[in-house]
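I have placed the structure first, in the form of structure tokens, so that the comments after it can refer back to it.
Numbering of ligands and ligand atoms starts at 1, following listing order. Please read all numbers here as calculations on a predicted model, not as lab measurements.
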Amino acid sequence: MCGIIGYTGRNEAEGIMLDALEVLEYRGYDSAGIAVCGEDHQVRIRKCAGRVKDLRSLCERDGLSGVCGIGHTRWATHGGVSDANAHPHQFGGVTVIHNGIIENYKSLIAQYKLEEKLKSQTDSEVAAAVASHFYNGDPYAAIRKTVLKLKGTFALGIMFEDIPDVIFAVRNVSPIVVARTEEGSMMASDVTALGQYSKDYFVLPEFHVATLKKESVELYDMSGEPVEPQWLTVNWDVNRSSKGGYPFYMEKEIMEQPQVIRETIEPRMKEGLPDLTQDGIPDSLLTECSQICVVACGTAMHAGLVGKALMQSFVKMHMDVELASEFMYTDSLVDGKTLVIAISQSGETIDTLEALKYAKRNGAKTLAIVNVKGASIARESDYVIYTNAGPEIAVASTKAYTTQLAALYLLTGRMAYARGVFDEAATRAFMAELQRAPEAIQKVLDRREEIHYIARRILNAKDVFMIGRGMDYSILLEGSLKLKEISYIHSEAYASGELKHGTIALITQDTPVIAVITQDKVQSKEFSNVKEVQSRGAEVILFMKENYRLDEDASWDSVFKLPQMRDEFMVMPVSAALQLLAYYVSLDKGLDVDKPRNLAKVVTVE
Ligand code: AGP
């Protein structure tokens with residue numbers, strides 16, 4: 001969490017950094033700040049609690065001139081949301097921006113007697129103070145000694161006042177990417193902030209120091225030996241990082257889904273069959289395992305639940321789906337016969353990364369489904385399937401989720417084929433249905449105004465229930481998370497057959513119920529469950545497969561008919577409908593859809 005940026009070059013740094021911080025704001029938006037090295041070699045800071053727009057106003061009133069600077073947008077961990085706790089932090093002649101957590105900051109305060117000298121309550125200022133303590137003109141020695149003292153995760157951008165126009169970067173776990181542009185050098189938490197300046201970048205290896213100068217970028221290991229960076233190319237169009245005329249990124253990202261799902265599926269299809277050779281995934285990986293386990297968080301974990309239903313019903317394989325944050329603490333049983341799949345949009349979620357490392361230590365084979373190229377989880381895994389969703393900026397995940405689903409369908413298809421569960425005809429039929437998903441989603445998107453109308457029915461609700469069975473329940477868990485995080489309405493997804501075992505006590509005329517019915521084998525039971533909540537006075541908003549017939553005796557408040565696919569693929573159109581529902585509730589409540597309170601897009605703290 002937290003976004004960091006650094007620029008040194010021929011142009012004024014302030015505007016470049018403010019623009020980049022706006023792009024990075026999805027990583028945290030409690031406060032923002034920049035430091036710029038002026039012509040007189042003084043490093044000056046502007047920072048404030050609030051958003052980057054507040055910092056921009058501050059800079060408009062009292063700007064900073066200079067061609068080298070570092071900037072930060074914060075998600076608060078240590079120390080409240082205040083001007084003083086905003087980054088950058090300056091101690092002596094050292095100025096620092098930090099993403100991560102310095103776990104031993106208290107003992108460092110004691111060891112270096114910093115108690116009376118610090119101006120903030122942050123762990124980050126302590127890193128600046130320790131670097132200042134060690135600095136005697138040799139930046140590399142100071143950085144090396146500092147990082148040896150730090151326990152925890154960190155991505156640090158550092159400026160030394162007597163080394164003008166040079167930025168040093170070092171990291172452990174928390175990400176930093178570095179790029180050369182036509183007229184300078186840049187670093188950032190992720191490539192989306194750099195995309196408009198350069199397509200070529202490298203991921204700063206852990207415990208290496210990048211030195212950014214106007215004319216060059218240098219990379220050294222901790223012993224001071226030069227290292228050749230491994231350059232990568234940005235794999236998406238920079239225009240995809242803009243809102244493209246939509247009021248919020250979330251709407252744009254929902255609307256992009258048919259295209260990005262196609263872009264995830266099509267390169268992995270050969271003559272109607274799933275083909276993972278471009279990802280370097282051998283069939284042996286899929287045939288030699290005896291169980292599968294997904295580790296993931298939030299939305300990515302919900303994608304895993306759909307994957308579990310697919311694997312069990314088509315491949316007849318046992319699959320667990322574990323919350324990555326719990327995985328290591330529940331004595332999870334994985335071994336050399338387990339295929340562990342880590343799913344992550346950002347590829348940086350620390351819980352997922354740590355769970356993956358745990359799985360590797362226990363001998364499991366690992367496969368990552370990741371969106372951001374070169375991210376830590378991708379690099380840590382034996383194999384990677386990249387989703388081609390392009391940059392996802394809104395905190396609420398939408399297109400990343402459906403492209404993760406697409407990857408899981410591909411994997412299921414290939415696995416069933418490789419293990420001989422599907423013959424060629426069955427595999428082709430499965431893949432043909434997957435190829436229909438973008439069209440089914442598009443049909444829902446084309447009717448978004450109907451969903452906008454329906455959304456008004458829950459605008460003032462305090463609590464909402466979402467009910468369904470089987471795969472309908474899996475997708476409702478995601479729909480419910482979406483509604484909670486961006487509308488602040490308490491919402492609970494419930495397996496509808498389970499309601500009568502206690503929770504139905506909460507259903508009254510004041511608790512709207514959203515029901516999803518798309519699974520033929522449980523259809524009649526799902527309709528019965530809906531009647532049960534209607535009998536308790538609940539207003540029911542129903543999303544159902546278009547060929548189902550409604551009981552004419554019952555009265556229906558709102559019904560949205562979903563384009564028909566095979567049952568196992570209905571999650572695709574349903575997810576688009578539930579994303580739009582949450583979006584319109586948040587929009588009509590006048591909330592900041594893309595930046596819901598207390599959240600950040602990339603969760604790099606445990
Ligand atoms: C959902 O809308 C959230 N953004 C969140 O649950 C997210 O899916 C989770 O934090 C995992 O992130 P990742 O996919 O980047 O690992």
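- Close approach of ligand 1 to Q345 is summarised as follows: ligand atoms under 4.0 Å from at least one heavy atom of the residue are 13 (P), 14 (O), 15 (O), 16 (O).
- Under the salt bridge (Lys or Arg N to Asp or Glu O under 4.0 Å) test applied with K595, the options E485, E22, E25 reduce to a single match, E25.
- For atom 10 (O) of ligand 1, the closest non-hydrogen atom of the protein is V603 CG2, 4.0 Å.
- Every atom of ligand 1 with a heavy atom of V395 under 4.0 Å away is listed here by number and element: 2 (O), 3 (C), 4 (N).
- The atoms of ligand 1 that sit less than 4.0 Å from any heavy atom of G298 are 6 (O).
- Scanning all protein heavy atoms for the shortest distance to atom 15 (O) of ligand 1 gives S346 OG, 2.7 Å.
- Remark: the T299 side chain and the K482 side chain contain an N/O donor-acceptor pair separated by less than 3.5 Å.
- Distances shorter than 4.0 angstrom occur between a heavy atom of K482 and an atom of ligand 1.
- For the residue pair T264/N388, the side-chain donor-acceptor check at 3.5 Å is not satisfied.
- Counting non-hydrogen atoms of other residues, nucleotides and ligands closer than 6.0 Å to NZ of K308 gives a total above 12.
- Scanning all protein heavy atoms for the shortest distance to atom 16 (O) of ligand 1 gives T349 OG1, 2.4 Å.
- With respect to atom 11 (C) of ligand 1, the closest heavy atom belonging to the protein is C297 O, 3.4 Å.
- Counting atoms of ligand 1 from 1 in the listed order, those under 4.0 Å from a heavy atom of A396 are 2 (O).
- By the neighbour-count criterion of 12 heavy atoms within 6.0 Å, atom CZ of F207 is densely surrounded, having more than that number from other residues, nucleotides or ligands.
- The shortest contact between atom 1 (C) of ligand 1 and any protein heavy atom is with T299 OG1, 2.9 Å.
- Under the 3.5 Å distance criterion, with hydrogens and angles disregarded, a donor-acceptor pair is assigned to the side chains of S397 and E392.
- Between the side chains of N371 and T387, at least one donor-acceptor pair of N or O atoms lies under 3.5 Å.
- In terms of N/O distances under 3.5 Å, ligand 1 is not approached by Q404.
- The distance from ligand 1 to the heavy atoms of E485 drops below 4.0 Å at these ligand atoms: 1 (C), 2 (O), 3 (C).
- Considering backbone and side-chain atoms alike, S344 places an N or O below 3.5 Å from some N or O of ligand 1.
- Residues M319 and Q291 are not in side-chain contact: their nearest non-hydrogen atoms beyond the backbone lie 4.5 Å or more apart.
- Q257 and T402 share a donor-acceptor pair across their side chains, judged by distance under 3.5 Å alone.
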